[in-house]
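Report on the following structure.
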Amino acid sequence: MMITNSGKYGITTGSYAADFIELTEKGAVAVNSTLPKADRDQAAFELAIEGIAPFKLLYEHYKSKRLPEREIIKDFLRDSSIAVPDLDECVDTFIVNVKDLGLLRTIGGAETLVSIEQALEELPKTDGTASISRKTASQPTPPIVKKIADELSTVSDWQKVCFYITPIGSEDSVERKHSDLFMSSLVQPALEELGLTVVRADQIGEPGMITTQVLEYLKRSRLAIADLSYLNPNVFYEVALRHALRLPVVQIIRKADRLPFDVNQSRTLVFDTSDIYSLVPKLQTYRAEIANQARKALDDPESVGNPVSVFYPDFYR
């Protein structure tokens, strides 16, 4: 089976009954430890993903996106022009392959498929041919965020951005886990249908530039989702700026926190996170609520209102 499968991937030539089994040109590159890792990884990608029609289709479709549930991936393959005899095996093998290639990363609490180009760029410089120094594996910059940051000058890009205002906290803190969970399980899925890309503060900029870029996102993003959970002062500061600019904001908060008087004039979506047994059954409903409120905010920003627009409509004139 190993010989047969290596032949299917294009790693070797010759069947298990052949007198000789030889490495193909790409197979020889992929296993040659004396070559630069970038060359080996590129060859392995071409063999394991690009050379297999359904895998290539999945890679091109989900590249730079969060990987959805298996059933959604299977539905996509079902609707494609490629005949796949065993959808379960195909999806499982694809996920294993991209994970082994280092292309499946946990970003913002969601499994995200990064491009081979990004993976190769992040390899450490060893022989003068490698590129950028590696970022930490726990906090890679999603490719879609890189693209937006590189093209901030065009209005069309900002029309596709939703800035997620949230308490981020330090690594492994309860705030970070909360933010990752809400972003991956609620906010991102809810806004996908609106064609918006969710960006969080820790996914933009370089050291020393974060404040400037956060202000830029607050001012120019088409929509902002503000998570008031944990009553974080930075979050309220950023929400106030967005309110002052009279730009669309959707406020959410966990049920355990009491909404302060200053912002309780605006409609805020309350989510019960007291235990997993009450949260999981309501995830679909919570996503629908976010999507519905976001739609209203984009269609008519005044419909959601905020303390500034309600009580001091001429504040920013």
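Quick note: residue numbers are just sequence positions, from 1. Excluded from the calculations below are hydrogen atoms, water molecules and symmetry mates; all remaining heavy atoms, backbone and side chain alike, are included.
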Within-4.5 Å side-chain heavy-atom neighbours: [X] and [Y]:
{"X": "Leu269", "Y": "Tyr286", "result": "no"}
{"X": "Glu192", "Y": "Arg66", "result": "yes"}
{"X": "Ile72", "Y": "Phe76", "result": "no"}
{"X": "Ile73", "Y": "Pro68", "result": "yes"}
{"X": "Met183", "Y": "Gln203", "result": "yes"}
{"X": "Gln118", "Y": "Ser64", "result": "no"}
{"X": "Thr112", "Y": "Leu67", "result": "no"}
{"X": "Cys162", "Y": "Ile225", "result": "yes"}

For the pair Leu101 and Tyr59, evaluate side chain to side chain contact (heavy atoms under 4.5 Å, CB included) and give the outcome as yes or no after the intermediate values.
-> CA-CA 12 Å; Leu101 288 167; Tyr59 169 79; over 6 Å; no
Applying a strict under-4.5 Å side-chain criterion to I, L, V, M, F, W and Y, I'd like to know whether [X] and [Y] cluster together.
{"X": "Ile49", "Y": "Val29", "answer": "no"}
{"X": "Tyr9", "Y": "Val96", "answer": "no"}
{"X": "Val280", "Y": "Tyr277", "answer": "yes"}

What distance do [X] atom [atom1] and [Y] atom [atom2] have between them, rounded to the nearest 0.5 Å?
{"X": "Ile290", "Y": "Leu186", "atom1": "CD1", "atom2": "CG", "value": "5.0 Å"}
{"X": "Lys160", "Y": "Ser221", "atom1": "NZ", "atom2": "OG", "value": "14.0 Å"}
{"X": "Leu113", "Y": "His61", "atom1": "CG", "atom2": "NE2", "value": "11.0 Å"}
{"X": "Ile116", "Y": "Glu121", "atom1": "CD1", "atom2": "CD", "value": "10.5 Å"}
{"X": "Phe163", "Y": "Glu238", "atom1": "CZ", "atom2": "CD", "value": "5.5 Å"}
{"X": "Ile252", "Y": "Asp227", "atom1": "CD1", "atom2": "CG", "value": "4.0 Å"}

Stepwise, does the side chain to side chain contact (heavy atoms under 4.5 Å, CB included) test hold for Arg70 with Asp88?
-> CA-CA 8 Å; Arg70 292 173 72 258; Asp88 288 306; 3.3 Å; yes
Look only at the side chain of Thr24 and the backbone of Gly27, and say whether a donor-acceptor pair between them is shorter than 3.5 Å.
-> yes
Using the six-membered ring wherever Trp is involved, compare the ring planes of Phe94 and Phe55 and label them parallel, tilted or perpendicular (cut-offs 30° and 60°).
-> tilted
Indicate the ring-plane relationship of Tyr230 and His178, choosing parallel, tilted or perpendicular according to the 30° and 60° boundaries.
-> perpendicular
Please name the pair of heavy atoms, one in [X] and one in [Y], separated by the smallest distance, quoted to 0.1 Å.
{"X": "Ser278", "Y": "Asp272", "value": "OG-OD2, 3.9 Å"}
{"X": "Val84", "Y": "Pro54", "value": "CG2-CB, 4.1 Å"}
{"X": "Ala48", "Y": "Asn97", "value": "O-ND2, 3.4 Å"}
{"X": "Lys99", "Y": "Leu104", "value": "CA-CB, 4.0 Å"}
{"X": "Ile168", "Y": "Ala201", "value": "CD1-CB, 3.9 Å"}
{"X": "Leu223", "Y": "Ala297", "value": "CD1-CB, 4.1 Å"}

Given Glu193 and Arg295, is the side chain to side chain contact (heavy atoms under 4.5 Å, CB included) satisfied, shown in steps?
-> CA-CA 10 Å; Glu193 61 185 79; Arg295 226 178 257 108; 2.4 Å; yes
State whether the number of non-hydrogen atoms from other residues, nucleotides or ligands found under 6.0 Å of Lys74 atom NZ is greater than 12.
-> yes
Within a reach of under 6.0 Å around CZ of Arg78, are more than 12 heavy atoms found that belong to other residues, nucleotides or ligands?
-> yes
Show the numbers, then the answer: is there a side chain to side chain contact (heavy atoms under 4.5 Å, CB included) between Leu298 and Leu196?
-> CA-CA 11 Å; Leu298 293 173; Leu196 295 176; 4.1 Å; yes
Carboxylate-amine/guanidinium contact Glu289 Lys282, below 4.0 Å | no
Under-4.0 Å salt bridge between Glu50 and Lys26 = no
So among Ile253, Val270, Asp257, Thr166, which one has a side chain to side chain contact (heavy atoms under 4.5 Å, CB included) with Leu228?
-> Ile253
Is the ring centre of Phe182 less than 6.0 Å from the ring centre of Tyr164?
-> no
Using distance alone, with no hydrogens and no angle criterion, decide if Gln42 and Glu46 have a side-chain donor and acceptor under 3.5 Å apart.
-> yes
Give the C-alpha distance, both sets of side-chain angles, the deciding distance and a yes or no for salt bridge (charged side-chain N to carboxylate O under 4.0 Å, His left out) between Arg220 and Asp157.
-> CA-CA 10 Å; Arg220 303 185 66 182; Asp157 286 330; over 6 Å; no
